[in-house]
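Below is one structure, written out as structure tokens; the observations come after it.
Predicted model, so just to flag it, every value in this text is computed and none were measured.
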Amino acid sequence: MYKPANIREFITPAVHKKAMSKTVNGRTKKEYTEVGTIRGKFKQKGTAETNANGLTIINEKTTFITWYKADVMAADILTIGGIDYEIIGKPENVEMRSRYMVLTLDRISGGA
């Protein structure tokens, strides 16, 4: 039986924001509405640097392990410590028991 962490380790709070699509003047615009707060174990596995055409790209490998929640989907946002992370891919329902789930996250950052 998969047991990802001690229950006492599910201490990192994250604000779950649901993605909603809205059409404004013929363009699709994403809006996020706050659904609630979930707790889990936040883990950064490291960073990988890639050089492509003279640009350095830094990719953070991050996972968030929490209790299973059926309404968490890909493209939703988790705000952890004031930083927004997008859920990449379908959340993994561990052992198909609807007890734990593992979310793969990508940090949302912008720049000029």
Side-chain angles (χ1 to χ4, degrees):
M1 175 199 259
Y2 177 79
K3 198 159 189 176
N6 212 342
I7 294 174
R8 292 184 299 267
E9 293 182 8
F10 284 0
I11 59 170
T12 306
V15 177
H16 178 214
K17 297 178 184 176
K18 201 80 162 141
M20 302 285 194
S21 295
K22 185 178 180 182
T23 304
V24 178
N25 294 332
R27 295 185 68 191
T28 303
K29 182 179 178 184
K30 272 191 179 180
E31 291 183 350
Y32 297 98
T33 56
E34 188 174 318
V35 178
T37 304
I38 56 176
R39 292 190 168 276
K41 183 177 180 182
F42 179 77
K43 188 172 186 181
Q44 281 185 313
K45 295 182 179 178
T47 59
E49 288 189 21
T50 307
N51 289 324
N53 297 331
L55 296 173
T56 303
I57 301 167
I58 299 174
N59 187 4
E60 296 177 354
K61 295 181 181 179
T62 308
T63 58
F64 191 74
I65 303 168
T66 186
W67 300 107
Y68 182 79
K69 197 173 169 191
D71 66 339
V72 176
M73 301 174 75
D76 286 356
I77 300 284
L78 290 182
T79 303
I80 303 169
I83 300 170
D84 289 334
Y85 292 90
E86 182 178 10
I87 299 173
I88 302 297
K90 185 178 176 186
E92 179 185 350
N93 183 1
V94 179
E95 293 183 355
M96 298 302 287
R97 300 180 111 195
S98 298
R99 187 169 179 192
Y100 301 110
M101 68 179 175
V102 178
L103 307 171
T104 305
L105 304 177
D106 188 23
R107 184 177 181 171
I108 298 174
S109 61

> Thinking salt bridges, do Lys17 and Glu34 make one under a 4.0 Å N-O criterion?
Replying inline: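 Salt bridge absent between Lys17 and Glu34.
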Return the minimal non-hydrogen interatomic distance between [X] and [Y], and the atom names on each side.
X     : Y      : answer
Ala74 : Pro91  : N-CD, 4.2 Å
Lys18 : Val35  : CB-CG2, 3.5 Å
Asp76 : Asp71  : OD2-O, 3.7 Å
Ile88 : Leu105 : CG1-C, 4.3 Å

>> Checking Lys30 against Lys22 for the side chain to side chain contact (heavy atoms under 4.5 Å, CB included) test, could you report, in this order, the C-alpha distance in whole Å, the side-chain angles of both residues, the deciding distance, and whether it holds?
In response: CA-CA 6 Å; Lys30 272 191 179 180; Lys22 185 178 180 182; over 6 Å; no
Quick check on the hydrophobic clustering: are [X] and [Y] connected, directly or via other members, by side-chain heavy-atom contacts under 4.5 Å?
X     : Y      : value
Tyr32 : Val15  : no
Tyr68 : Leu78  : yes
Ile65 : Val72  : no
Ile80 : Leu103 : yes
Ile83 : Ile38  : yes

> Any chance the rings of Tyr85 and Phe42 have centres within less than 6.0 Å?
Replying inline: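 Yes, the ring centres sit under 6.0 Å apart.
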> Is it true that a side-chain atom of Asn93 and a backbone atom of Met101 form a donor plus acceptor pair closer than 3.5 Å?
Replying inline: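 Between the backbone of Met101 and the side chain of Asn93 there is no qualifying donor-acceptor contact (under 3.5 Å).
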> So, Arg39 side chain and Ile11 main chain: donor-acceptor pair closer than 3.5 Å or not?
Replying inline: yes
>> For a side chain to side chain contact (heavy atoms under 4.5 Å, CB included) check, start with the C-alpha distance between Thr66 and Lys41, then their side-chain angles and the critical distance, and finish with the verdict.
In response: CA-CA 6 Å; Thr66 186; Lys41 183 177 180 182; over 6 Å; no
> Do the ring planes of Tyr100 and Trp67 sit parallel (below 30°), tilted (30 to 60°) or perpendicular (above 60°)?
Replying inline: parallel
>> Before you tell me yes or no, could you show the steps for Thr33 and Met20 under side chain to side chain contact (heavy atoms under 4.5 Å, CB included), namely the whole-Å CA-CA distance, both residues' side-chain angles and the distance that decides it to 0.1 Å?
In response: CA-CA 8 Å; Thr33 56; Met20 302 285 194; 4.2 Å; yes
> From Arg99 CZ over to Met96 CE, what is the distance, rounded to the nearest 0.5 angstrom?
Replying inline: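 Between Arg99 CZ and Met96 CE, I get 16.0 Å after rounding to 0.5 Å.
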>> With a 6.0 Å cut-off (strictly less than), is the heavy-atom count around NZ of Lys43, excluding the residue itself, greater than 12?
In response: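 No, the 6.0 Å shell around NZ holds no more than 12 heavy atoms from other groups.
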>> Could you walk me through whether Arg107 and Thr62 satisfy the side chain to side chain contact (heavy atoms under 4.5 Å, CB included) test, starting with their C-alpha distance in whole Å, then the side-chain angles of each, then the deciding distance to 0.1 Å, before giving a yes or no?
In response: CA-CA 8 Å; Arg107 184 177 181 171; Thr62 308; over 6 Å; no
